[in-house]
Amino acid sequence: EAERYPEGIKWKFLEHKGPVFAPPYEPLPEGVKFYYDGKVMKLSPKAEEVATFFAKMLDHEYTTKEIFRKNFFKDWRKEMTNDEKNMITNLSKCDFTQMSQYFKAQSEARKQMSKEEKQKIKEENEKLLKEYGFCVMDNHRERIANFKIEPPGLFRGRGNHPKMGMLKRRIMPEDIIINCSKDAKVPSPPPGHKWKEVRHDNKVTWLVSWTENIQGSIKYIMLNPSSRIKGEKDWQKYETARRLKKCVDKIRNQYREDWKSKEMKVRQRAVLALRAGNEKEEGETADTVGCCSLRVEHINLHPELDGQEYVVEFDFPGKDSIRYYNKVPVEKRVFKNLQLFMENKQPEDDLFDRLNVTSKDKSCQRIYFMYTFLVYKLTLLLFYFFTADENVPAKILSYNRANRAVAILCNHQRAPPKTFEKSMMNLQSKIDAKKDQLADARRDLKSAKADAKVMKDAKTKKYRLEEQLMKLEVQATDREENKQIALGTSKLNYLDPRITVAWCKKWGVPIEKIYNKTQREKFAWAIDMTDEDYEF
DNA sequence: GCCAAGACTTGACCGTAGAAGG
DNA sequence: CCTTCTACGGTCAAGTCTTGGC
């Protein structure tokens with residue numbers, strides 16, 4: 001309901017306190033020794049700090065990887081004095097165990113702190129949040145998402161990242177660009193320091209930015225998802241998806257026609273159907289692909305497989321190097337086209353070689369709406385799975401099942417929780433105990449026939465136990481089905497929250513059962529505007 | 001018109017507060 | 001009340017998509 005701004009203008013007034021910097025390095029106590037080639041060695045403060053980054057990760061698999069060790073050692077040497085450089089020439093001769101043990105002891109001590117000490121820390125955090133965690137954007141006090149600057153450490157790329165282990169340097173005020181409005185009070189840099197720049201750009205949403213040294217990319221401090229500026233954008237996303245709903249059939253018919261096109265490029269575009277997977281700089285990042293950047297080696301074609309015709313077998317590393325493996329039956333025309341695209345190519349050649357994903361080719365534009373399409377498709381899918389069970393736990397199960405169907409489609413997997421089996425067994429024994437109780441209650445009820453009051457009590461008890469048992473059983477089903485599925489991403493990013501809100505209202509499910517506090521804050525706009533007849 | 005830089009969204013992972021269980 | 005477990009939220013890497021400068 002707030003005033004709309006002209007195209008591109010994101011705000012008129014913006015004031016904040018600037019970022020919170022990582023705490024300065026605290027040198028190790030005298031007693032904690034570092035050994036090189038079996039001999040004690042006192043490191044210079046800079047070299048010591050970088051050494052502690054490695055020591056802190058000693059138990060992690062990263063420190064066994066060759067690329068990680070090589071990158072770390074190279075960057076570590078840059079921080080050493082000449083003497084240290086001459087002395088320390090082999091990482092394998094470095095002994096970080098005392099450092100590592102010291103940090104473990106510290107974290108143990110933190111756990112053992114008294115209630116009062118923990119309370120004190122909590123209060124300090126709250127104070128910091130209160131002071132730096134909010135800004136004023138136009139007429140609202142808004143929560144900032146990440147007001148703390150990322151501390152220095154070793155870069156942890158995912159998958160086979162060529163830069164893993166490199167030193168992520170400490171960010172100083174001199175690296176920081178502050179963005180605020182001209183009429184706002186400019187945050188003051190820490191004493192003795194200056195900001196790199198103060199600018200007043202209301203065509204962007206960020207408050208603070210800096211350039212990180214690993215990829216040379218820019219990092220930002222922005223607002224929380226609960227903020228107006230994020231909420232409006234989110235809302236807009238779902239509105240675009242709703243508009244897509246109106247023309248999706250036309251688009252589909254068009255690309256089905258294009259499967260027959262004389263022009264290879266048009267065919268490729270039509271088989272691809274949507275755009276995902278930008279080009280990446282080789283050697284700068286892990287080797288992962290999206291559908292535009294699929295290579296011949298990532299698919300296998302089976303004219304027949306397990307009783308199905310025209311099956312495409314996908315096997316490729318996707319975002320975060322998560323493996324995508326799936327066998328998908330496709331229409332004959334798609335299959336034949338894929339065969340054509342693979343002809344006379346090497347495994348490492350691009351499957352869709354005629355499409356330039358970065359080009360502004362107008363004829364390709366209509367397929368350039370990856371999120372929109374996902375949002376559209378997934379929201380419909382959620383809707384499709386909704387059912388109306390009579391009790392609330394069963395309704396929630398059915399909601400989660402719908403959510404799960406979406407997550408599976410998106411390949412949102414998770415490693416089963418470490419304690420999964422155990423917690424499942426615990427739950428099962430609770431169910432068994434409940435069943436025993438219920439059997440007892442049923443027996444009591446039978447033998448209570450004579451006395452009306454006793455019988456009434458027994459009935460209530462039986463009913464209550466049945467209710468509790470049902471809840472436990474539903475919980476067990478839900479947990480079992482969710483073993484390897486991560487619901488968060490699809491719930492937070494792809495499913496129109498208004499559908500969820502409408503569903504909750506329609507079936508009398510409290511919204512807190514579906515969205516936790518953070519999620520309710522993020523979707524406040526949807527909760528406010530939606531009634532039970534909302535249609536996507 | 002191209003494309004690198006910039007902006008913004010998505011996503012896995014991890015530590016821990018606080019709920020649940022004993 | 002103490003211990004155990006798990007959901008939550010923070011963190012930051014890794015994507016997508018837009019913009020602006022040449």
Side-chain angles (χ1 to χ4, degrees), chain A residues 8 10 22 60 107 110-111 113 115 118-119 121-122 125 129 133 143-151 153-159 161 163-164 168 177 179 201 203-206 209-212 214-225 229-230 233-234 236-237 274-281 284-286 288-293 317-322 356-362 365 368-372 374-375 407 410-415 417-420 422-424 426-427 429-430 475 479 482 486-494 515-519 521-522:
Chain A
K10 306 287 169 64
H60 206 289
S107 93
R110 224 171 301 128
K111 274 183 211 152
M113 275 187 310
K115 248 184 200 160
K118 281 186 180 170
Q119 184 59 28
I121 290 176
K122 201 179 157 193
N125 284 337
L129 174 70
R143 179 83 188 267
I144 300 168
N146 54 328
F147 57 93
K148 288 181 188 157
I149 301 272
E150 294 172 18
L154 304 182
F155 176 74
R156 299 154 90 123
R158 299 203 256 267
H161 198 117
K163 297 194 171 182
M164 65 167 78
K168 237 176 84 165
I177 303 175
N179 193 28
D201 182 357
K203 290 192 169 60
V204 296
T205 67
W206 53 266
S209 75
W210 71 93
T211 303
E212 54 89 34
I214 305 289
Q215 329 261 8
S217 64
I218 306 170
K219 298 249 178 174
Y220 303 92
I221 291 183
M222 290 182 188
L223 296 194
N224 199 60
I229 208 152
K230 294 287 182 192
K233 197 78 196 295
D234 207 32
Q236 197 188 341
K237 173 178 80 183
L274 56 81
R275 178 198 186 291
N278 281 322
E279 267 143 21
K280 310 209 306 176
E281 222 169 313
E284 293 292 301
T285 53
T288 65
V289 295
C291 60
C292 287
S293 42
K319 179 170 175 179
D320 292 309
S321 299
I322 302 282
N356 177 358
V357 287
T358 52
S359 103
K360 283 276 147 342
D361 184 342
K362 284 280 181 293
Q365 288 228 320
Y368 284 8
F369 46 67
M370 138 101 185
Y371 290 133
T372 311
L374 265 177
V375 167
C410 293
N411 200 37
H412 292 147
Q413 305 172 24
R414 64 165 181 174
K418 283 187 199 78
T419 52
F420 184 83
K422 201 176 151 209
S423 80
M424 229 32 217
N426 286 344
L427 195 54
S429 50
K430 269 163 86 184
Q475 197 188 344
R479 197 180 291 178
N482 217 39
L487 297 185
T489 299
S490 50
K491 196 173 186 177
L492 241 41
N493 299 305
Y494 293 126
Y515 288 144
N516 68 30
K517 185 169 147 279
T518 324
Q519 293 164 343
E521 280 165 11
K522 167 167 171 151

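Chain A is the first sequence line, chain B the second, and so forth, proteins listed ahead of strands; every chain is numbered from 1. Keep in mind it's a predicted model, so treat the numbers as computed, not measured.
- In this structure, Lys237(A) contributes its side chain and Asn493(A) its backbone to a donor-acceptor pair below 3.5 Å.
- At dA12(B), one or more side-chain N or O atoms of Thr489(A) fall inside 4.0 Å of OP1 or OP2 (strictly under the cut-off).
- Between the NZ atom of Lys148(A) and the P atom of dG10(C) there is a distance of 9 Å, given to the nearest Å.
- The side chain of Lys230(A) places an N or O atom within less than 4.0 Å of a non-bridging phosphate oxygen (OP1 or OP2) of dT9(B).
- Taking 3.5 Å as the limit, the base of dT9(B) and the side chain of Lys237(A) contain no donor-acceptor pair of atoms between them.
- OP1 or OP2 of dA13(C) has at least one side-chain nitrogen or oxygen of Lys219(A) nearer than 4.0 Å.
- Counting only heavy atoms from C-beta on, Val204(A) has its side chain closest to dC8(B) among dC8(B), dG15(C), dA12(B).
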Carefully, step by step, assess Lys230(A) and Lys233(A) under the rule side-chain contact (heavy atoms from CB on, under 4.5 Å).
CA-CA 5 Å; Lys230(A) 294 287 182 192; Lys233(A) 197 78 196 295; 5.7 Å; no
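- A sub-4.0 Å separation between OP1 or OP2 of dA13(C) and a side-chain N or O of Lys168(A) is present.
- Of the listed nucleotides (dT6(C), dG10(C), dC8(C)), dC8(C) has the atom at the smallest distance from the side chain of Asn516(A).
- For Lys233(A), taking side-chain heavy atoms from C-beta onward, the closest of the listed nucleotides dA14(C), dC8(B), dC12(C) is dC8(B).
- When all heavy atoms of Leu129(A) and Arg143(A) are compared, the pair lying nearest together is CD1-NE, 3.5 Å.
- For Tyr494(A), taking side-chain heavy atoms from C-beta onward, the closest of the listed nucleotides dG11(B), dA14(C), dA12(B) is dG11(B).
- Phosphate proximity of dT9(B) to Asn493(A): absent, as no side-chain N or O sits under 4.0 Å from OP1 or OP2.
- Look at Arg158(A) and you won't find any side-chain N or O under 4.0 angstrom from OP1 or OP2 of dT11(C).
- Residue whose closest nucleotide on DNA chain B sits further toward the 5' end, between Arg156(A) and Met222(A): Met222(A).
- When rounded to the nearest whole Å, the span between CD of Glu212(A) and P of dT11(C) equals 17 Å.
- Glu521(A) places its CD atom 14 Å from the C1' atom of dG10(C), with the value rounded to the nearest Å.
- Using a 4.0 Å heavy-atom distance criterion, Thr205(A) is classed as a sugar-phosphate-only contact.
- Residue Lys163(A) is out of contact with every strand shown, counting any heavy-atom pair closer than 4.0 Å.
- Of the two residues contacting DNA chain B, namely Lys122(A) and Trp206(A), the nearest-nucleotide position lying further toward the 5' end is that of Trp206(A).
- Put simply, NZ on Lys203(A) is 18 Å from C1' on dC8(B), counting in whole angstrom units.
- Nucleic acid contact for Thr288(A): sugar-phosphate only, since backbone atoms but no base atoms lie under 4.0 Å from a heavy atom of the residue.
- Rounded to whole Å, the distance from CG on Asp234(A) to C1' on dC8(B) is 12 Å.
- Regarding Leu492(A), its CG atom lies at a distance of 20 Å from the P atom of dG15(C), rounded to whole Å.
- Between the Asp320(A) side chain and the Gly159(A) main chain, no donor and acceptor come within less than 3.5 Å of each other.
- Within the 4.0 angstrom heavy-atom criterion, only backbone atoms of the sugar-phosphate kind lie near Lys10(A); the bases stay farther away.
- We find that CG of Asn146(A) is positioned 8 Å from P of dT11(C), with the value rounded to whole Å.
- Contact annotation for Tyr220(A): base contact, defined as any heavy-atom pair under 4.0 Å involving a base atom.
- If you take CD of Glu150(A) and P of dT11(C), they are 9 Å apart, rounded to a whole angstrom.
- Residue Ile149(A) is the one, among Ile149(A) and Lys319(A), whose nearest nucleotide of DNA chain C lies closer to the 5' end (criterion: closest heavy atom).
- Considering only side-chain atoms of Lys517(A), the nucleotide from dT6(C), dT9(B), dG9(C) that sits closest is dG9(C).
- Ring geometry, Tyr220(A) versus Trp206(A): the interplanar angle falls from 30° to 60°, so the pair is classed tilted.
- OP1 or OP2 of dA14(C) sits under 4.0 Å from a side-chain N or O of Gln215(A).
- Between Tyr515(A) and the phosphate of dA7(C), there is no side-chain N or O to OP1/OP2 separation shorter than 4.0 Å.
- Across all strands shown, Pro151(A) has heavy atoms under 4.0 Å from sugar-phosphate atoms exclusively, and none from any base.
- The two atoms that bring Ile144(A) and Met222(A) nearest to each other are CG2-O, 3.4 Å, heavy atoms only.
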Please determine whether side-chain contact (heavy atoms from CB on, under 4.5 Å) holds for the pair Lys522(A) and Tyr515(A), giving the CA-CA distance in whole Å, both sets of side-chain angles, and the decisive distance to 0.1 Å.
CA-CA 10 Å; Lys522(A) 167 167 171 151; Tyr515(A) 288 144; over 6 Å; no
